[in-house]
Trainee: 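Below are the structure tokens for one structure; questions will follow.
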Amino acid sequence: MNKKATYYLIIGLLLCSLIVYDLNQAKYLNGLVYSTIELITGSNQWNENFQKVEIETIYSVQNQPAYFYKSKGKKPRPLVVSLHTWGGDFSQPDALSRLCLENNINYIHPNFNGPNNNLNSCCSDMVIGQIDEAINYAIENANVDQQSINVIGLSGGGYTAFCHYLLSKFPVAKYQSWVGISDLETWYYQSKSQENAIWKDILACTGSKDSLKTFEANKRSPLHMPLNLNSSKKSILDIYTGIHDGNRGTVPITHSINFYNKIVSNLYESEPHRMVSIEETLYMLENRRAMGKYGTIGGREVFFAKNNAKISLYVFDGDHEILPEHAISGALKKSAD
């Protein structure tokens with residue numbers, strides 16, 4: 001059986017699942033169907049509308065590859081810097097690319113050393129530096145509205161977005177982290193408990209052998225990185241996590257909640273009510289249902305939210321996923337500041 005036939009078989013099974021399961025479950029499987037269709041049809045259209053570019057880098061003898069889309073017209077347009085997932089690279093299919101094309105948004109999908117399984121990955125200086133170089137490349141080669149630079153990441157990309165938010169000096173207008181990882185040591189043990197292979201990657205990127213080097217893991221973990229308040233006050237950070245992640249996904253919601261609390265406790269030191277309490281966190285983990293009326297995002301109910309001028313947290317009805325249309329809608333909105 002060839003690869004395309006295999007994909008069609010998967011779609012058939014998923015469609016059967018859509019019929020058998022109730023609508024609440026079906027909406028999650030629906031996303032898998034569209035993802036599989038994209039693999040078959042090549043709807044990301046890298047070859048047609050997106051240019052594969054080589055970006056000079058001071059961090060390696062080899063240039064950094066990326067996929068790049070330059071907006072049409074004379075008016076400056078926003079830039080979306082889409083960060084690949086934990087085990088992905090620049091060539092990974094990306095639902096945001098199609099939406100950037102449809103909305104005439106500048107787009108770059110950098111490699112920043114590929115999968116997180118070596119010492120030069122996992123938010124190393126090379127990773128942060130190469131993302132900065134990719135942003136510079138886009139600015140120099142497209143008509144970018146430099147007041148509307150958006151860094152967006154899913155899962156491992158959400159993890160990298162957290163790191164870039166803390167470590168980069170680049171003037172990014174807005175960050176979006178979707179189901180991101182904030183603590184590698186915690187995720188190491190969670191991954192071992194879930195019996196997936198991610199813990200092996202964490203050993204590799206921290207230079208560990210049989211046991212985890214905690215110091216190195218913490219050094220590469222956003223939750224334990226130093227916070228530059230001057231930098232953090234300039235960028236907006238929107239954090240999204242699916243309520244069922246960690247149960248029906250690989251990254252528990254506590255990674256997003258804990259990172260949100262880290263930032264808020266520093267930005268709003270005298271306003272503890274802005275933080276997510278232990279009681280609220282336990283309620284969500286134990287009940288996996290809404291704590292009030294918080295509206296919707298991307299057609300999904302928001303179970304819990306905290307909104308501040310520069311940082312927000314949304315716990316939505318979902319799994320380990322991004323809601324692409326909402327992400328691009330957020331990138332098109334300018335800050336009121």
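Numbering starts at 1 and runs along the sequence shown. Heavy-atom basis, side chains included; hydrogens, waters and symmetry copies ignored.
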Trainee: Does the Asn266 side chain pair with the main chain of Lys262, one donor and one acceptor, at a distance under 3.5 Å?
Mentor: yes
Trainee: Of the options Ile128, Ile263, Asn228, Leu223, which is the one that meets Leu166 in a side chain to side chain contact (heavy atoms under 4.5 Å, CB included)?
Mentor: Ile263
Trainee: Does Ser71 form a side-chain hydrogen bond (donor to acceptor under 3.5 Å, both in side chains) with Asn106? I'd like the steps, not just the answer.
Mentor: CA-CA 5 Å; Ser71 66; Asn106 296 296; 3.0 Å; yes
Trainee: Could you walk me through whether Met275 and Ser265 pass the side-chain contact (heavy atoms from CB on, under 4.5 Å) test, one step at a time?
Mentor: CA-CA 7 Å; Met275 296 178 64; Ser265 65; 3.9 Å; yes
Trainee: Under a 3.5 Å threshold, yes or no: a donor from one side chain and an acceptor from the other, between Ser82 and Asp94?
Mentor: yes
Trainee: Check this for me: Lys293, atom NZ, are more than 12 non-hydrogen atoms of other residues, nucleotides or ligands nearer than 6.0 Å?
Mentor: no
Trainee: Determine yes or no for a side-chain-to-main-chain donor-acceptor pair under 3.5 angstrom, with Lys213 supplying the side chain and Gly207 the backbone.
Mentor: yes
Trainee: Got a sec, which residues hit side chain to side chain donor-acceptor pair (under 3.5 Å) with Asn196, two or more places apart in sequence or on another chain?
Mentor: Gln194
Trainee: Quick one: pull up CD1 in Ile108 and CG in Leu83 and give me the separation to the nearest 0.5 Å.
Mentor: 11.0 Å
Trainee: Any donor and acceptor pair, going by atom type alone, linking the side chain of Glu279 with main-chain N or O of Ser277 inside 3.5 Å?
Mentor: no
Trainee: Pick from Tyr107, Tyr137, Phe50: which one makes a ring pair (Phe, Tyr, Trp, His ring centres under 6.0 Å) with Phe68?
Mentor: Tyr137
Trainee: Taking the six-membered ring of Tyr268, is the NZ or CZ of Arg274 close enough (under 6.0 Å from the centre) and on axis enough (within 45°)?
Mentor: yes
Trainee: Among side-chain atoms of Asn111 and His84, is any donor-acceptor pair under 3.5 angstrom?
Mentor: no
Trainee: Without hydrogens or angle criteria, can the side chains of Asn113 and Ser121 be said to hold a donor-acceptor pair below 3.5 Å?
Mentor: no
Trainee: With a cut-off of 6.0 Å (strictly less than), are more than 12 heavy atoms of other residues, nucleotides or ligands near CG of Leu282?
Mentor: yes
Trainee: With sequence neighbours excluded, tell me which residues meet side chain to side chain donor-acceptor pair (under 3.5 Å) with Ser191.
Mentor: none
Trainee: Could you check Ile152 against Ile322 for side-chain contact (heavy atoms from CB on, under 4.5 Å), going step by step and ending with a plain yes or no?
Mentor: CA-CA 10 Å; Ile152 305 176; Ile322 186 173; 4.0 Å; yes
Trainee: To the closest 0.5 Å, what do you measure between CZ (Arg289) and OH (Tyr283)?
Mentor: 3.5 Å
Trainee: According to a hydrophobic-cluster definition based on side-chain heavy atoms being under 4.5 Å apart (Ile, Leu, Val, Met, Phe, Trp, Tyr only), do Ile311 and Tyr294 belong together?
Mentor: yes
Trainee: Share the residues that join Leu119 in a hydrophobic cluster, the rule being Ile, Leu, Val, Met, Phe, Trp or Tyr side chains under 4.5 Å apart at the heavy-atom level.
Mentor: none
Trainee: Determine the sole option in Gln130, Lys219, Arg220 for which the side chain to side chain contact (heavy atoms under 4.5 Å, CB included) test with Ser124 is passed.
Mentor: Arg220
Trainee: What's the shortest heavy-atom distance between Arg300 and Gly318, and which atoms?
Mentor: NH1-CA, 3.6 Å
Trainee: For atom CD of Glu102, is the number of surrounding heavy atoms from other residues, nucleotides or ligands below 6.0 Å larger than 12?
Mentor: yes
Trainee: Could you pull out the closest heavy-atom pair between Arg288 and Asp245, with the gap in Å?
Mentor: NH1-O, 3.5 Å
Trainee: If you look at every heavy atom in Ser211 and Ser208, which pair is closest and at what distance?
Mentor: O-CB, 3.2 Å
Trainee: Given the rule in the side-chain contact (heavy atoms from CB on, under 4.5 Å) test, do Met225 and Cys123 qualify, once you have shown the distances and angles that lead to the verdict?
Mentor: CA-CA 11 Å; Met225 290 176 179; Cys123 292; 4.2 Å; yes
Trainee: Would you mind listing the cluster partners of Leu184? Hydrophobic ones only (ILVMFWY), side-chain contacts under 4.5 Å, chaining allowed.
Mentor: Trp86, Tyr159, Ile181, Trp187, Tyr188, Tyr189, Ile198, Trp199, Ile202, Leu203, Leu212, Val251
Trainee: Keeping the roles fixed (side chain from Gln51, backbone from Lys70), state whether a donor-acceptor pair exists under 3.5 Å.
Mentor: no
Trainee: Just how far is it from atom CZ of Arg98 to atom CG of Asn103, taken to the nearest 0.5 Å?
Mentor: 10.0 Å
Trainee: Please determine, by modelled atom types, if Asn308 and Tyr260 share a side-chain donor-acceptor pair under 3.5 angstrom.
Mentor: yes
Trainee: Which pairs with one or both residues in residues 138-151 pass side-chain hydrogen bond (donor to acceptor under 3.5 Å, both in side chains), sequence neighbours excluded?
Mentor: Asp145-Lys334
Trainee: Tell me, do Pro78 and Leu332 make a side-chain contact under 4.5 Å, heavy atoms counted?
Mentor: yes
Trainee: Using 0.5 Å steps for rounding, measure from the CD atom of Gln92 to the OG atom of Ser97.
Mentor: 11.0 Å
Trainee: Atom OG of Ser312 and atom CG of Asp238: how far apart are they, to the nearest 0.5 Å?
Mentor: 5.0 Å
Trainee: With heavy-atom distances below 4.5 Å as the criterion, would you say the side chains of Cys122 and Val127 are in contact?
Mentor: no
Trainee: Quick check: closest heavy atoms across Glu216 and Thr206, and the distance to 0.1 Å?
Mentor: CG-O, 3.2 Å
Trainee: For Pro110 and Gln64, which heavy atoms make the closest approach, and how far apart are they?
Mentor: CB-OE1, 3.2 Å
Trainee: Show, in sequence, the C-alpha distance, side-chain angles and deciding distance for Phe259 and Leu237, and conclude whether the side-chain contact (heavy atoms from CB on, under 4.5 Å) test is met.
Mentor: CA-CA 11 Å; Phe259 189 76; Leu237 172 60; 3.7 Å; yes
Trainee: Check the pair Phe316 / Trp178 against ring pair (Phe, Tyr, Trp, His ring centres under 6.0 Å), numbers first and verdict last.
Mentor: CA-CA 11 Å; Phe316 64 94; Trp178 292 79; 5.8 Å; yes
Trainee: Mind checking the OG1-CG spacing from Thr281 to Asn258? Nearest 0.5 Å is all I need.
Mentor: 7.0 Å
Trainee: For the pair Ser177 (side chain) and Ala161 (backbone), establish whether a donor and an acceptor sit closer than 3.5 Å, ignoring hydrogens and angles.
Mentor: no
Trainee: Where the side chain of Asn118 meets the backbone of Asn120, is there a donor-acceptor pair that is under 3.5 Å apart?
Mentor: yes
Trainee: For Lys174 and Gly330, work out which heavy atoms get closest and say how close.
Mentor: NZ-O, 2.8 Å
Trainee: Would you say the side chain of Asp201 lies within less than 4.5 Å of the side chain of Asn116, judging by non-hydrogen atoms?
Mentor: no
Trainee: With sequence neighbours excluded, what pairs up with Asp183 under the side chain to side chain donor-acceptor pair (under 3.5 Å) test?
Mentor: Thr186, His224
